[in-house]
Every structure is written in C-alpha cells, then in structure tokens.
Amino acid sequence: MYKEGKRQVNRFRLAQLILLFVFILTTIANYLAHLPYSFALTSIGILYTVFLKVLYDRGFVKSSRVLYSILLNITAFMLCFVEGLSSGAYFFYFATVIISSFIIDKEDYLELKVIYIFTFVGLAVTFIFCPQDSTLQVINQEERQINLFLNAVVSFIIGGMLSYHMMKDNFFKERSLTSSQRYLDSVFNTSLDAVFIVDISNNTVIDCNDQSLALFGTHSKKEITGKSLCSFFAELSHENTDLLRNTLLDASISWKGELSCVTHQHKIFAGYVSVVPLTFDGQLYKKINILDISDIKQAQAALQTAKEKAEQAVFARTRFVSNMSHELRTPLNGIIGAANLLMQGNAHPEEKQYFDVLKYSSEHMLSLINQVLDFSKIEAGKMDLEKTNFDLRKLIDNIYNLFRRQFEEKNLELEIAFDELLENRTFIGDPTRLGQVLTNLISNAHKFTSGGKVILSVMQVTRNSHACTIRFFVQDSGIGIPPEKQVHIFDSFTQVESATTRKFGGTGLGLTISSKIVELCGGKLEVDSKPGQGSCFYFTIQLGMQNDQKTYVNEEKVKELPSLKGIRILLAEDNPINMMIAKAVLEKWGIVITEAVNGVDALEKFNEDECDLLLLDLEMPEMDGFELLDNIRKRNINLPAIAFTAALFENMQAHLINRGFNDYVQKPFRPEDLHAKIVQYVNVKTV
Ligand code: ADP
C-alpha cells in the first residue's frame with residue numbers, strides 16, 4: 001500500500017498558537033503603553049483563543065473555526081475603533097483573511113466565501129465608522145507611528161508564517177500525489193491482467209493498461225480506447241446472449257466468468273473476466289480485468305484426455321483380468337472336481353498323497369485368482385456391496401465351522417466371543433463380503449500363530465431402532481508385526497518379509513481387499529500388534545436392522561409370573577407387532593391397557609385418574625415419547641413413566657431420568673424384566 005511521506009501539521013492548532021503568542025505580546029505592549037481599551041480587547045483575544053481551543057478539542061471543529069474567524073473580525077473592528085485608523089489596527093483584517101484561509105477545511109469553499117465576505121464587509125464598515133484618530137485613549141503621534149509600524153509588522157509576520165506553511169503543505173501534498181499517481185500507474189501497468197476502464201454511458205473503453213496492448217495484439221492504446229466493449233468479446237457480438245450482455249453492460253453489477261476474447265487480429269483466446277463498477281469524480285465507470293487463461297484451458301484439456309486414457313486403460317486391464325480369471329476358473333473347477341472324484345476312488349495311499357497335493361494346490365490357486373479378481377474390481381471402483389437380511393450369529397457360526405478342523409490340526413484354539421445383545425436379530429448388509437473379511441483375518445491369524453489361541457469377538461457398541469454399530473476383533477497369539485511394518489501391510493502386494501511368501505504362501509492382497517471392503521462398509525480396518533506376542537485386527541461398522549423384530553416371549557414364563565390385576569397402563573407404541581406382543585403379555589398379567597398409536601393419540605387418551613403407569617415408546621411419528629412425556633409432566637409430575645425402546649446409547653439411564661422418565665425397558669423385552677419394573681414403580685401387592 002502506498003504511504004504518504006510526511007505527516008500533515010494541524011493547521012488550526014498552529015494558527016491558534018501564533019495568535020495566542022501575538023495576543024499575549026500585544027496585551028503586554030498595551031499595558032506598558034497605558035492603553036486600557038486595547039489592553040482589554042487583546043486580553044479578551046487571549047481568553048477566546050483558549051476557549052476555542054477547548055471547543056476544538058471537544059470535537060466542535062467547524063463551529064470553533066467559524067467562531068474564530070468572526071471573533072477575530074470583531075476584535076479587528078474594535079481595535080480600530082478604540083485606537084483609530086491611524087494606528088493601523090486594520091492590518092489585523094489582513095491577518096484574519098490569511099488565518100481563515102489557513103484553517104479552513106480544504107473543500108469547504110462556501111465557508112471560505114462567507115468568511116471572506118464577512119471580513120471585507122468588516123473592513124469596509126471599519127473604514128466608514130472608525131475615526132482616524134481615536135479620543136477614547138490617549139495616544140500621542142509618536143505612539144501612533146509605532147503602533148502603525150508594529151501592527152503592520154505583526155500582520156506581515158503572521159501572514160508570512162502561515163503562507164509559508166500553506167506552501168510547504170501544498171508542496172508535500174503535490175509530491176505525495178505525484179508519487180501516489182506513479183505508484184498507481186505502475187500497479188495498473190505491471191498487472192498481469194489486461195485492464196479496461198469503460199465509460200458506462202456508452203460502453204466504450206476510455207483507458208487501458210500496457211498489458212491490454214500485449215494481450216489484444218496492438219501497439220497503441222488508441223487501437224483500444226474509443227472502441228465499444230462488445231468488440232473485444234466474441235459472446236457479446238451474438239444477439240442471443242442478452243443476459244450476459246446486460247450483466248456486463250449494467251453499471252451496478254459485478255460479474256466474473258470465462259469469456260472468449262477477440263484480439264486486434266481477430267484471433268480468439270480464452271479469458272477470465274471480472275467486471276466491477278467504479279466511481280470516480282462522481283462519474284460511474286466499469287473496471288474490466290481480463291486474464292489470458294488459454295494455457296490453463298489447454299492444460300485442463302490435456303489432463304482430461306490423459307484422465308480419460310488412464311480410465312480406459314484401467315477399464316481395459318480390469319476387463320482383461322476379469323476375463324482371464326473367469327477363463328482360468330473354468331479349467332480349475334474341472335481340476336478340483338476331478339481331484340475330488342479321484343480322492344473318493346480306491347486310490348493307492350501314495351497316489352492319494354499326490355491327489356491331496358493336487359486338490360490343495362488347485363484350491364489355493366482358485367483362491368488366489370478370486371483375490372486378484374476382487375482386487376481388480378476394487379481398483380476399478382466396481383466393487384458394490386449387497387444389502388440383504390442375514391443372521392450375524394449364523395454367519396459367525398459358519399466361519400467357525402469352516403476353520404474348526406484347520407485349527408484342530410494345528411493344535412490351536414479358536415474362540416468365539418459373541419455379544420448376546422446381537423442374538424436373534426436380523427441385520428441388513430453384505431454377509432458374503434463381511435464373511436470374506438473375517439475369513440481372511442482368521443486365516444492370517446491361523447497362518448501366523450503356532451501356539452495359543454485365536455479369538456474372534458463381535459461386540460455391540462451402540463444401537464437404535466434401525467441400526468446397530470458393531471466392533472469386530474480377531475486376536476491371535478502369533479508372531480506379531482513390527483511397528484514400522486504395521487502401516488504398510490494394508491498396501492497391495494505387501495508382506496512383512498519376503499521370506500513370508502516362501503514360508504507361509506500368500507499374495508499380500510488379503511488385507512488390502514479386506515480393508516477396502518471395511519471402508520465400503522463405512523469402517524476402518526486397524527491393527528495393534530507386538531512382535532512375538534500377537535496381533536489384533538479390528539474394525540467397527542454399522543449394520544442396518546430389520547425393525548419388525550420378533551419379540552421372543554416365552555409363554556410359559558409369562559404365565560408363571562405373579563398377576564398384576566387391576567393395574568392400569570397407558571401404552572404408546574406405533575409398531576403394530578410390538579404393540580400386539582406387549583399387549584398380549586400385559587393382559588396375561590391382568591393389566592388394563594389404554595392403547596395409543598403415537599404421542600398425539602396418547603396425549604388425547606391420557607387421563608391421570610385412570611392410569612397407574614406410562615409405558616412409552618421413544619420413537620413415534622407425530623409426537624415422540626420425550627415430547628409426550630414433557631406434555632404429561634405438565635399435568636402430573638409423579639406418575640411413573642417407563643421408556644419402551646429399541647435404542648441403546650451411552651448414559652442412557654441418566655439421559656432418560658433427566659428427561660422425566662423413571663426407567664426404561666429394552667426392546668425386544670424379557671417379560672420378567674418388564675414385570676419387575678412394573679412391580680417396582682406401581683405400588684402393588686403381587687399374587
Ligand atoms: P497374505 O496373502 O500374504 O497373507 P495379507 O494382505 O493378508 O497377505 O497380509 C499381508 C502381510 O501382513 C502378511 O504377509 C504378513 O506378513 C502380515 N500379517 C497379516 N496378518 C498377520 C497376523 N495375524 N500376524 C502376523 N502377521 C500378519
């Protein structure tokens with residue numbers, strides 16, 4: 001940013017200082033010369049100079065300035081009147097004019113004119129009404145001469161000093177303006193953009209910078225200025241681009257965008273154009289910046305072509321890999337089938353051994369081909385996950401059965417820790433891919449563990465009515481992975497040591513595929529491992545849940561529980577199946593139920609004299625359980641309320657109590673739990 005070189009002096013303060021000095025001097029002189037009226041007037045001058053300084057400091061800038069000029073004029077008149085014209089006090093008018101010009105605001109010409117007129121009228125009035133020699137004070141001829149001389153000198157000194165300051169000020173201002181102009185010119189002309197200044201009244205270019213000449217292929221500004229703005233943009237010469245035309249030519253609108261620009265030689269180049277309104281000297285203009293973006297456009301086009309080519313290459317490779325894999329799988333299936341048949345026959349024990357090798361090798365090869373196929377699918381972004389209903393417990397059992405024998409053969413233990421909260425639920429997801437990840441992790445754990453055990457844990461983290469977040473762990477007591485290798489094992493074709501391939505086999509693709517599948521499920525596959533102690537691979541994903549959960553109610557158990565006859569419950573539940581089951585159970589205990597299908601319905605049916613307990617579903621349409629209870633609590637603060645919910649979240653009990661509930665029963669519910677809660681909160685004697 002350009003900065004002015006010299007600080008401006010505060011003219012008003014300077015003038016005040018000089019005048020104060022002059023008034024003090026003349027007051028002393030008048031005292032010594034025994035001129036009481038003159039003494040009084042110059043003393044008043046000192047007082048109002050001080051008073052006006054205070055006024056100025058308080059922010060009354062303009063009023064103190066105007067008042068100052070008026071008071072100075074009056075003082076000049078009065079001095080002439082008490083001293084007589086021959087003493088030369090009228091020279092004071094000269095000083096007054098100079099002071100007024102000096103302290104005036106630079107653009108307030110009206111104020112200046114008024115003060116000038118006032119001063120000249122004052123001067124005229126003085127010469128008309130003031131006596132040549134005053135008789136009010138005793139002044140002899142010699143003193144008059146001295147007064148005349150002193151008044152002239154003081155006025156000239158004041159005038160001289162202030163004029164000197166004015167000239168100095170103007171000189172600095174001019175110099176700073178010239179530098180500022182040069183600075184702006186160099187900014188204007190060294191800009192990488194072409195800049196046009198456009199007259200908004202006729203849309204002609206009135207000025208442009210040096211870069212405009214280079215960009216539009218001309219040698220002189222004259223070939224640009226004076227021309228219509230439309231002639232520089234291809235889009236503006238078409239009639240059908242009214243909108244753009246109006247936007248560019250409308251005085252008040254700023255605009256940015258890409259346009260095709262036309263050079264002097266009628267060549268077209270791509271320009272990034274920005275248009276901003278500009279006001280100068282009360283006139284409206286538009287400043288138009290044009291940046292040549294042809295190179296960027298070319299690079300973009302080249303990039304797009306390269307991207308398309310790369311995509312085509314990936315596509316071709318994927319198709320090739322997938323075709324190859326299919327082609328390889330067909331004969332392999334034949335080999336595996338034949339090996340199986342041969343093994344079932346009465347082969348010689350030595351031959352059986354070879355058949356075993358044949359079967360193992362061909363199955364291994366099939367799994368490698370499948371891995372390569374999956375990998376190429378992932379690379380091409382073509383791996384989609386299914387969404388089907390499945391039973392997680394069954395999936396885990398199947399995986400366990402798949403590995404049981406392998407683990408027994410190696411004398412390893414495979415332990416399953418399955419969270420019972422996940423039992424008997426229908427999840428929505430891709431069981432095949434989830435199974436593939438777990439199989440791969442267990443297979444690795446089996447491969448790299450020689451003693452101890454492998455644990456597969458499946459734990460519920462949170463749950464609401466339609467989804468469940470689950471954490472899976474596969475923990476082994478095997479060789480472990482050094483910390484520096486842990487980040488790389490998820491990269492494709494990476495193994496901790498190349499010797500691994502020789503010793504344990506494998507492609508280094510299993511973890512890559514698994515971690516991509518987990519990512520597609522919305523999770524992240526991670527590892528904690530210590531060399532020599534074992535590894536733990538884990539991930540957390542969310543699985544959808546079927547909402548129409550069957551509530552597994554043991555009819556016999558329901559009957560065994562003591563009767564709760566006479567208790568009245570308001571049951572709010574929107575799911576018809578849940579309502580049916582809860583109602584059946586509650587009625588078996590002799591409870592009288594008021595049914596409501598949502599919060600609004602429940603609020604209408606609520607009657608505090610006919611209700612001993614509230615059993616409220618939390619997630620209901622129109623008005624949920626929380627809002628419903630808020631409304632009921634306005635009428636009855638003590639009635640026990642139990643939340644009936646499929647949701648599960650952290651600090652649930654505390655949260656519900658905070659919202660006015662006494663307790664909650666988890667859905668699907670165990671009848672004995674519900675029974676116990678009813679007994680706990682309703683004052684009943686069970687029979
Ligand atoms: P591979 O087919 O070679 O097993 P993976 O991607 O499944 O490919 O594993 C990559 C490498 O990570 C393995 O070669 C091994 O070095 C290391 N690794 C994977 N799981 C374990 C584990 N449970 N214990 C020790 N090392 C492991």
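Counting starts at 1 for both ligands and their atoms, following the listed order. Sequential numbering from 1 along the given sequence is applied to the chain's residues.
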Checklist entry - Under the salt bridge (charged side-chain N to carboxylate O under 4.0 Å, His left out) criterion, do Asp374 and Arg433 qualify, and how do the steps go? => result CA-CA 11 Å; Asp374 278 349; Arg433 292 296 177 193; 3.4 Å; yes
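- In terms of polar-atom proximity, defined here as any N/O pair under 3.5 Å, Asn444 does make such a contact with ligand 1.
- The ring pair (Phe, Tyr, Trp, His ring centres under 6.0 Å) check on Phe407 picks up His446, with sequence neighbours excluded.
- Side-chain atoms of Gln300 and Gln304 include no donor-acceptor pair closer than 3.5 Å.
- For Leu511, heavy-atom contacts with ligand 1 shorter than 4.0 Å involve the backbone as well as the side chain.
- Residue-ligand proximity, Ile489 to ligand 1, at heavy-atom distances under 4.0 Å covers atoms 12 (O).
- Proximity of a side-chain donor or acceptor of Asp419 to a complementary backbone N or O of Gln460 within less than 3.5 Å is detected.
- Those atoms of ligand 1 with a heavy atom of Phe537 less than 4.0 angstrom away are 20 (N), 21 (C), 22 (C), 23 (N).
- The distance from ligand 1 to the heavy atoms of Leu509 drops below 4.0 Å at these ligand atoms: 6 (O), 8 (O).
- A salt bridge is absent between Lys677 and Asp673: the closest approach of a Lys/Arg side-chain nitrogen to an acidic carboxylate oxygen does not fall below 4.0 angstrom.
- Counting heavy atoms closer than 4.0 Å to ligand 1, residue Thr449 contributes nothing at all.
- Counting heavy atoms under 4.0 Å from ligand 1, residue Lys485 does not touch it at all.
- Using a 30° and 60° split on the angle between ring planes, Tyr538 and Phe473 fall in the tilted class, from 30° to 60°.
- Side-chain N/O atoms of Thr469 and Thr462 include a donor and acceptor closer than 3.5 Å.
- Heavy-atom separations between Gly478 and ligand 1 are all 4.0 Å or longer.
- Every atom of ligand 1 is numbered from 1 in the order shown, and the set under 4.0 Å from a heavy atom of Gly510 is 5 (P), 6 (O), 7 (O), 8 (O).
- The shortest heavy-atom distance from Phe490 to ligand 1 is not under 4.0 Å.
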